[in-house]
A.B. asks: 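Encoded as structure tokens, here's the structure I'll be asking about.
The residues of the chain are indexed from 1 along the displayed sequence. Just so we're clear, the structure is a prediction, and the values are computed from it rather than from any experiment.
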Amino acid sequence: MSSGQDRPHPPKPLLRGRGDEKSVLLRLLDDARDGRGGALLLTGGAGIGKTALLDLAVARATPGFLVLRVSGVAAESRLPYAGLHGLLGPIAEEVGTLPEGQVRALREALECGTTAPGLVLPAAVLGLLSAVAAGGRPVLACVDDVDHLDPASRDALAFAARRLGRARVALLFAARSPSGLDGVPARAVEGLGQEAVRELAADLTPERRLPEDLVAALDAVARGNPLALTELIGSLTPDQLAGVAAPPTTLPRSGRLWREHAALLAALPRETRRLLLLISADPALDVAALLRAARPACALTALEPAEQAGVLQADGDRYAFRDPAVRAVAYQDASLSERRHAHHLLATMLTEPPPRRRRPGQAAARSEAAGDSPGKRLRRAWHRSWALDAPATRVADDLAAAALAARPLDDHPEPYLALERAADLTAHPTLKAERLAAAAHHAWTAGRPQAARSLLARLRALTAPGVTAPDELRGRVQFLRGSLELLGGETGSAREELLAAAGRLLDGEQRMLGVRALVRAADASYRAGDNRAFIAIARHAAALRRPDESAPTELMFEYLAGMAATFSGSHEEAAGPLRRVVELAGAVRDPSVLVWACVASMLLGEDAIAHRLSARAVESARVRGVASAIPQLLEYMIYPDYWTGRYASLAETAARGLRLAQETGQLNTAAQHLAWLAITAAVEGDQETCRVRADAAIDLADAHDLGLAGAIGNWALAYLDLAAGRPADAAQRLRAERRNSHVVIRVMATPHLIEACARTGDRERASAALRVLERWVGSTRSPDLRALVARCRALLAPAGEGDELFLEALELHGQGLCEFETARTRLLYGSALRRERRPGAARNHLHAALETFERYGARLWTDQARTELRASGDTTRPTAAAPGTAAPLTAQQLQIARMVAGGATNKEIAEQLFLSRRTVEHHLRNIFSRLGVRSRVELTRLFIS
């Protein structure tokens, strides 16, 4: 054999997020080793990782396999059998074992590029591979870039791949599309998931960890493509790394992917490229408009080559680029004059009325007005700004006015980009600054914090001390800086920035924005757990109130007053302002103001109202395109879910909030969602998951001065200790002042503190905590909260005197919504009855508690209930799940089951729920067992039905 077969191979490559593909490749190699030959075609776009997977197969095949490799080359695609020559050259000397006809055909193909038609040559290729494998090591043949392989070689290899049978041969192909390899099993290589993208980014920047929002912004361009992400990270400037310049929105022009896309486009006909330029300049262009733009001789047939090449795909009444990265190449690789001409044509098309029938005498202008939506006006002004077919000042004014009137959800362009373009065309420094400030605001609300920070960085020179700029403009800039810092930075600096903004805005036309700055400064104190600072801000605000405030402004003032009274321990005094906040919410539409009504209703113990207001605020933010508000709004959907025991809903909301917070750079909000996910894990008794989530939340809390998130994370760990039968550890965690400085969470955790202290004999501390809890609950109307107070009183009552209080708690639970806390009360009551030597009465409550805990999947509480039942003289067995129903699933399992039914992979579920893939697999096995199903398909059918 030729020495070429044993040349050194590259070391095993490090791949991220390819566990499933790796398993498939290893199985292919194992089968070939055992005499079950097989083939596999990996498909996917350029840079997606097909070659890396071939490298992985080669690394895993050596030294046991004989490895043959070839890559298709476009320049050789017209040379018949060039591919076979490259692949089979190292073993060409082994042809002597084949029949004479096959030997002759194979030699003619490899030496002359010719052979007789028919089956002789394909059979010879199959025979040669089989014979070499039979005489020594199994064979792995890798063929990369099959798209560029000459058709004759591709057909012969496809023939062999379909007939490997018992041959000790594995054939592995990689191509952009499966065409030409019919009958060969194919697997599409998809983009990397979120977790793999983060891991790859960390691999590429070992010296520094990129912020989550920057990685998310880069992946919005890369779309999970490893090479794209690698090239994007490699192109980052120091300002982009520091967050003062917007991240790249296109692939780097010097990169391999850009060159490959450009070469693909350059091979298309000229008229095709002209229409692609129009689509790239305006993705909202519909087919009717394209028909008007196309030259009459070709209509839309000019786009057929782009569809055949996989560049375009039909998307409703539009065409869209299959890979959005190609759109930028189609636009940027056109000349400046071609781009200006395209924008001029598009602006003209958007000015003219669409063709339609009109009654005689009906004016064309009237027809135009009927279809002249804000989005259409923005698109027209945008194209005119790039065509520069009018004076720059007028174009800038029109574009800015159109952007401010458009909805954030309009497809193209995004308003912040239009405002930035208008600022670029504006010469007057103050007006330029106004437009940049408006662009930064729109970028932030649209969930693009990197772009907002970049725009704010541009504003520094225009609003620096000594530069003439309106005080109100400076205040708006400070408000935005403080808002960005509040949800992604350090709470203390956010508070100072927001207070400074309020000082500039309260006495001008932007008074409502000034009041909002005060409330956000107070919110920074709330998140830090700094009650004194909150109360000081509220007192300052009280002196600024006017009798003629608008409903949103009045709501914010009442909110500050009610919260300040709450933090002072004056819950009865707080009830009035907080109820007024909830009343005013009916007249408010702004989700950023509605959020305070959610908090007020939560503190009043009105969980149903809190949940309804939160859902309304989230929907309002979605409709308005205020993406940046949604992660914070989701926080306040969680509290009512917790109090009413809807843990599945809580976990789903927190997972969604965590994902959105990470994508929009809101690390402070992400910390809180992580902490709540730790709470759900504690409820279920998943100790490993609880600790991972709580520790991550506490680390973020420490880094950003987040007393709120840190307190929830610490509470989750204490909850876990209590459920696991470690009351002393739970009490110690909840007594620690540093981790329990946030008054709201301290009060919420008080029932657990009282229970832990009662079980460890610290009645003095438990009694003091109970008095605080009673003051708050006394100002609410919640039967669930009053039930918890009665339960705590029962735990602290002298021996033999707790019966009436436990019964009172159970009666109140019956009026409330939280079934889980009812079971917790029954467990505690049953335990007390058992200790008082009343086992019969104890067993009734303990059985009821056990049944609830099993349904919730609360494994540690289930263990406690079983232990108490055994101590009472009863024996219990796990309750059998009824097949075909989702009722027995835990909150976590129900969420995972729904995601599986929606088509999510284990990897995607793990990333979204902050779990290890092993934990997901464990839950999935339990789901199958509980529901009596055997596969993901059966599970999907069950949930769909």
Side-chain angles (χ1 to χ4, degrees), residues 1-7 32 37-42 54 57-58 61 65-186:
M1 294 186 186
S2 169
S3 60
Q5 62 196 347
D6 292 317
R7 63 183 180 271
L40 179 66
L41 167 62
L42 300 173
L54 295 188
V58 169
F65 277 70
L66 168 65
V67 177
L68 307 171
R69 287 193 78 164
V70 71
S71 293
V73 180
E76 297 182 358
S77 61
R78 297 183 180 180
L79 298 176
Y81 305 113
L84 285 181
H85 183 275
L87 183 70
L88 301 181
I91 57 171
E93 298 175 358
E94 307 294 325
V95 297
T97 59
L98 302 180
E100 182 178 347
Q102 293 183 8
V103 172
R104 185 168 53 251
L106 195 55
R107 282 179 173 163
E108 286 181 3
L110 297 183
E111 295 174 6
C112 305
T114 60
T115 192
L119 296 178
V120 179
L121 177 66
V125 172
L126 174 61
L128 178 61
L129 291 172
S130 301
V132 169
R137 292 177 289 173
V139 174
L140 169 63
C142 296
V143 186
D144 204 354
D145 292 325
V146 176
D147 314 80
H148 296 316
L149 208 65
D150 62 279
S153 295
R154 184 173 61 237
D155 291 345
L157 288 169
F159 176 90
R162 292 188 290 265
R163 291 167 173 79
L164 288 172
R166 295 181 178 276
R168 299 172 68 216
V169 177
L171 261 175
L172 189 56
F173 300 95
R176 292 194 180 184
S177 71
S179 59
L181 289 171
D182 296 340
V184 177

A.B. asks: Tell me whether Leu79 at atom CG has more than 12 heavy atoms from other residues, nucleotides or ligands lying less than 6.0 Å away.
C.D. replies: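 Enclosed: over 12 neighbouring heavy atoms sit under 6.0 Å from CG of Leu79.
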A.B. asks: If you look only at distance, which donor and acceptor atoms sit under 3.5 Å apart when one is on a side chain in residues 157-165 and the other is two or more places apart or in another chain?
C.D. replies:
| unit_1 | atom_1 | unit_2 | atom_2 | d |
| --- | --- | --- | --- | --- |
| Arg162 | NH1 | Asp182 | O | 2.6 |
| Arg163 | NH1 | Phe159 | O | 3.4 |

A.B. asks: If you look only at distance, which donor and acceptor atoms sit under 3.5 Å apart when one is on a side chain in residues 125-135 and the other is two or more places apart or in another chain?
C.D. replies:
| unit_1 | atom_1 | unit_2 | atom_2 | d |
| --- | --- | --- | --- | --- |
| Ser130 | OG | Leu126 | O | 2.9 |

A.B. asks: How would you list all residue pairs meeting salt bridge (charged side-chain N to carboxylate O under 4.0 Å, His left out) that involve residues 122-136, not counting sequence neighbours?
C.D. replies: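 Every pair satisfying salt bridge (charged side-chain N to carboxylate O under 4.0 Å, His left out) with a residue in residues 122-136: there are none.
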A.B. asks: Which atoms form the tightest heavy-atom contact between Pro138 and Ala32, and what is the distance?
C.D. replies: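 In terms of heavy atoms, the two residues are closest at CB-O, 4.3 Å.
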A.B. asks: Check Arg137 against Arg168 and note the closest heavy-atom contact, atom names and distance.
C.D. replies: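 Taking Arg137 first and Arg168 second, the nearest heavy atoms are C-NH1, 4.4 Å.
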A.B. asks: Between CG of Leu181 and CG of Leu41, what distance do you get to the nearest 0.5 Å?
C.D. replies: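 Interatomic distance, Leu181 CG to Leu41 CG, rounded to 0.5 Å: 5.5 Å.
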A.B. asks: Quick one: which residue pairs count as a salt bridge (charged side-chain N to carboxylate O under 4.0 Å, His left out) with a foot in residues 146-159, not counting sequence neighbours?
C.D. replies: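 Salt bridge (charged side-chain N to carboxylate O under 4.0 Å, His left out) check on residues 146-159 returns no pairs.
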A.B. asks: Rounded to the nearest 0.5 Å, what separates atom CG in Leu172 from atom SG in Cys142?
C.D. replies: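 If I round to the nearest 0.5 Å, the distance is 5.0 Å.
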A.B. asks: Pair up each side-chain donor or acceptor in residues 98-108 with any protein partner under 3.5 Å, not counting sequence neighbours, and list the distances.
C.D. replies:
none

A.B. asks: Of all the heavy-atom pairs spanning Ala175 and Val146, show the shortest one and how long it is.
C.D. replies: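 For Ala175 versus Val146, the nearest heavy atoms are CB-CB, 3.8 Å.
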A.B. asks: How long is the gap from CG on Leu68 to CD1 on Ile91, to the nearest 0.5 Å?
C.D. replies: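 Leu68 CG to Ile91 CD1: 5.0 Å, rounded to 0.5 Å.
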A.B. asks: Nearest heavy-atom pair of Ala186 and Leu40: which atoms, and what distance?
C.D. replies: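 Smallest heavy-atom distance, with atoms named: C-CD1, 4.4 Å.
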A.B. asks: Test side chain to side chain contact (heavy atoms under 4.5 Å, CB included) on Asp145 and Val73; report intermediate values, then the result.
C.D. replies: CA-CA 7 Å; Asp145 292 325; Val73 180; over 6 Å; no
A.B. asks: Looking only at non-hydrogen atoms, find the nearest pair between Leu149 and Gly83 and report the distance.
C.D. replies: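 Closest heavy-atom pair between Leu149 and Gly83: CD1-CA, 3.7 Å.
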A.B. asks: Roughly how far, to the nearest 0.5 Å, is CG of Leu140 from CG of Leu66?
C.D. replies: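 Leu66 atom CG to Leu140 atom CG measures 9.0 Å (nearest 0.5 Å).
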A.B. asks: Strictly by side-chain hydrogen bond (donor to acceptor under 3.5 Å, both in side chains), give each pair with a member in residues 73-84 just once, sequence neighbours left out.
C.D. replies: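 Counting only pairs at least two positions apart or across chains, no side-chain hydrogen bond (donor to acceptor under 3.5 Å, both in side chains) contact touches residues 73-84.
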